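This one's a predicted model, so the numbers in the text were calculated from it and none came from an experiment. Each chain gets a letter, A, B and so on, in the order its sequence line appears, and its residues count up from 1.
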Amino acid sequence: MDKWILIDGNSIANRAFYAMPPLTNSAGLHTNAVFGFTTMLLKLLEDEKPTHVLVAFDAGKVVFRHEGYTEYKGGRAKTPSELSEQFPVMKDLLKAFGISQFELSGYEADDIIGTLTRLADEQKVETLVVTGDKDMLQLASDNVTIAITRKGISEVEHYSPAAIEEKYGLKPMQIIDLKGLMGDASDNIPGIPGVGEKTALKMLHEFGTVEEVLANTDSLKGKMKEKVETHKDDAIMSKKLATIFREVPLEHSAEDIRYEGYQPATLADAFRKLEFKSLIERLDLNGAGAEGGESAAPAVELNIVVIESDNDGEALKDMLSALQGTEHGLYVEAIGENPHQAEVLGLAAAVGDKAYVVPVSVLQQPFAAELRKWLEDADKPKNGFDTHKTELALGWRGIEWRGVAFDVQLAAYLLDPTDTNLTLNALCDRYGQSSVPHDEAVYGKGAKFKVPDNETLYRHLSVKADAVRKLTVLMRADLEKRGMNELYYELEQPLSVVLAGMERQGIKVEKAELERLGSELESKLSAAVSEIYRLAEMEFNIGSPKQLGEVLFEKLGLPAQKKTKTGYSTDAEVLEKLAPYHEIVPLILHYRTLSKLQSTYIEGLLKEVRPETGKIHTYYRQTIAATGRLSSQFPNLQNIPIRLEEGRQIRKAFVPSEPGWYILAADYSQIELRVLAHISGDERLKEAFIHDMDIHTKTAMDVFGVSADQVDSNMRRSAKAVNFGIVYGISDFGLSQNLNITRKEAAKFIEQYFEVFQGVRKYMDDIVMQARRDGFVTTLLERRRYLPDIKASNFNLRSFAERTAMNTPIQGTAADIIKLAMVRMDETLRERGLKSRMLLQVHDELVFEVPEEELELMKELVPSTMAGALKLDVPLKADVNYGVNWYEAK
DNA sequence: TGGCTCACG
DNA sequence: ACGTACGTGAGCCAT
């Protein structure tokens, strides 16, 4: 079966150019559009496995559409030279790929593609059109799917005729009617002024085509009628301009676009010229082409010494003396996502042009005692990568890794906390270092994972250690430059050690208690299931949103609320609204609650309890959250139920690990709003916290202008929602959703809030301006988050960035504060020789286990340490509770 | 593997 | 006119 891919070259190149950060090769040639284009192409080839591929380009100045309308595409800014210089490069690269490209004087890429899709329809060949231009949706058919780029270029959304129907309620051909009515500013297609997408869709749903709309203007009202009638001709012309011409005189046949695959050598040479090192790695082209494998090798050839047996005592001595200074890099390879269970393969150390490798089997032998002593010596500084994981992986094998001086991964996170690819390979690319091979290329992935032969493995570890050595120097300087030394060395680095301690300590969980709750749930579940089947008069999988949707909206005929990509939405919000219509609905909500508890919290947690100790050991990730918060995995202990009593019972299973001890939990009171009071300097808000008032009640008093005893529960609830909204970066829509009120009412609340809390309004305005000016926002401890979308022309992207600008300093500063408290608390417990142990962190809460004799002390010490972690213009406050389990500590 | 749903702060 | 509240992780279903 043939499969064609037709790519709109100009459109994709444009998208790539604006989506990618600037990038040049050493000759100064801009390459970002080429790079983006290429990554997208590779993904397409891999995902779609086409038999035929064509890239079409616009050609010539005079496009036939100009005849009769000279302003077509007139308003468009001139293509910047940084992009136009990349077109010839792109065309050469396509040649190297062996991919055909068409352009034809006087026609646009759209028309060429339109013509080929006509052939595809005639021959019934499965075809994918790839473009950034929604106009192309008009080409969709049973054979032809349109892939539209979104979010840059890495992702595409596929549109079949059914998908278009679902999203717009239109047939593919009606897309040109849509454009005819609403126009397209980017192509200078006028449409009818004042008609946007919403209005246009409404008209088309009623009348079907531009012509029918124009013939029925009588049924329109007032201004709209007038506008449509005065711009009849514009609409007709716009429709014509938006119509893709599908009869281009091509002198080619389908055979001309057959794709046979690329020649590795040719492609390797082309990539090398462009300095696309990561792509060479990705396609494993190192051995290919003119330069053979040399280019991927480190600039200076590493001299690798493998320490394999006790005959290598001398080499080991060399290694240890070389490691005395701080100019080194260490890398410990620990395989597996969960560090508590990771398998350690070995350790490599790079100093100068030398690398020493110690396989794990050797590391554990008697003659390596000196090395182990060095690793365990807190006074011997070590530079590593993901040392948090290393500490856990080695720790479970009896080696206490201490004395981390610098961690390249942690530093990279602070330098850009939104970076989701914190691998050595990616960091080397970003910092212009010679590339480290992808782990996937060395080990394979998934079921194909395999440790390679020793030579390959040792080389890989050496190259990584060498990369750590080089990146350490660069990143230390970067942290310094950004004023982040204190954040790194005084907070995050020490915290990493504190976290590892908590994780290894673990928290004791009573399996029997979970099992007891589990069997209660089981009987409630089976009762709910049979009742649901009875009311539905059929059996189906309640856990399948698809089947549930069919039952609710088709069989039972309940009114569908909103839709998702794949069908009816059945989330809790929808079901709440449906509850009055049918008694099955509350049962389904109940079923959802129960099955969530059963699968995630009973079965899920039971699987994580270590049989030897009865404990659960979570793993806090310190390099994930963009705001600086921690996250918790394997299992997540930061989302144990509390809001509903049924789920809260789960907490009864979390108990102290020593008999007679207690669980003590302390949480910050309103930390985010206190932080907001501090950074905004708003006098009223500060005043409220200085007097330790109930903040939601106080907000209600001020916003509604009433006295404390006049605030009813509804007013307080609204005020609470407004306070939440303020922290999140408020929008009238968001608030209206949350409170189930109209947008207008929500907007009024917000306006009233800002009238009263003018300092907060000023903060919100200032922080957005600051983000626009600097490109980033910071927390009190100089944690930084970049907001590249703050200047985006796309409303959505920009609005999102603005809300993030408002929220991140607040959420991030709160994260800074509790992290400080954790480091202090750990020190204090140690210094005072206390037995109490810090076990968990849940964003604004710390959980300890405490022996009876320390209870009185800890009840005072924990909240005072938390409150004193950072001095603000308002007091910080923490409440403390304790009990025989986590449930009782409330 | 991605989408949906839902648990937490 | 645009379509949203901020930040996470896990289980299950459908593909």
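- Close to dT5(B), at under 4.0 Å from its OP1 or OP2, lies a side-chain N or O of Ser569(A).
- An OP1 or OP2 oxygen of dG7(C) is reached within less than 4.0 angstrom by no side-chain nitrogen or oxygen of Arg629(A).
- Contact annotation for Ser631(A): backbone-only contact, meaning every heavy-atom pair under 4.0 Å involves sugar-phosphate atoms and none involves a base.
- Comparing dT4(C) with dG3(B), their P atoms sit 15 Å apart, to the nearest whole Å.
- In this pair, Trp886(A) and Phe654(A) present their aromatic rings perpendicular. The plane angle is above 60°, beyond the 30 to 60° band.
- Of the candidate nucleotides dA7(B), dG3(C), dC6(B), dA7(B) has the atom lying nearest to any side-chain atom of Thr593(A).
- In terms of heavy atoms, Tyr533(A) sits closest to Phe540(A) at OH-O, 3.0 Å.
- Between Phe634(A) atom CZ and dG9(C) atom P the separation is 9 Å, expressed in whole Å.
- Within the nucleic acid shown, Gly543(A) comes within 4.0 Å of sugar-phosphate atoms alone, with no base atom in reach, counting heavy atoms only.
- Among the atoms of the strands shown, only primed sugar atoms or phosphate atoms (P, OP1, OP2) are found under 4.0 Å from some heavy atom of Lys565(A).
- The NZ-P distance, from Lys562(A) to dG3(B), rounds to 16 Å in whole Å.
- Electrostatic pairing of Arg761(A) and Glu751(A) counts as a salt bridge here, judged by a charged N lying under 4.0 Å from a carboxylate O.
- Nearest-nucleotide mapping onto DNA chain C: of Gln633(A) and Phe733(A), the residue sitting toward the 5' end is Phe733(A).
- Nearest heavy-atom pair across Leu685(A) and Leu673(A) is CD2-O, 4.1 Å.
- An OP1 or OP2 oxygen of dT8(C) is reached within less than 4.0 angstrom by no side-chain nitrogen or oxygen of Arg621(A).
- Listed candidates were dG7(C), dT5(B), dC2(C). Nearest to the side chain of Gln811(A) is dG7(C).
- Residue contacts for Asp844(A): at a heavy-atom cut-off of 4.0 Å it reaches the sugar-phosphate backbone alone, with no base atom in range.
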Where do Tyr619(A) and His388(A) land on the ring pair (Phe, Tyr, Trp, His ring centres under 6.0 Å) test, with the steps shown first?
CA-CA 10 Å; Tyr619(A) 171 50; His388(A) 179 188; 5.1 Å; yes
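- Side-chain to base pairing of Arg803(A) with dT4(C): one donor and one acceptor N or O lie within less than 3.5 Å of each other.
- Among the protein residues, Ala805(A) comes within range of no part of the nucleic acid, since none of its heavy atoms lies under 4.0 Å from any strand.
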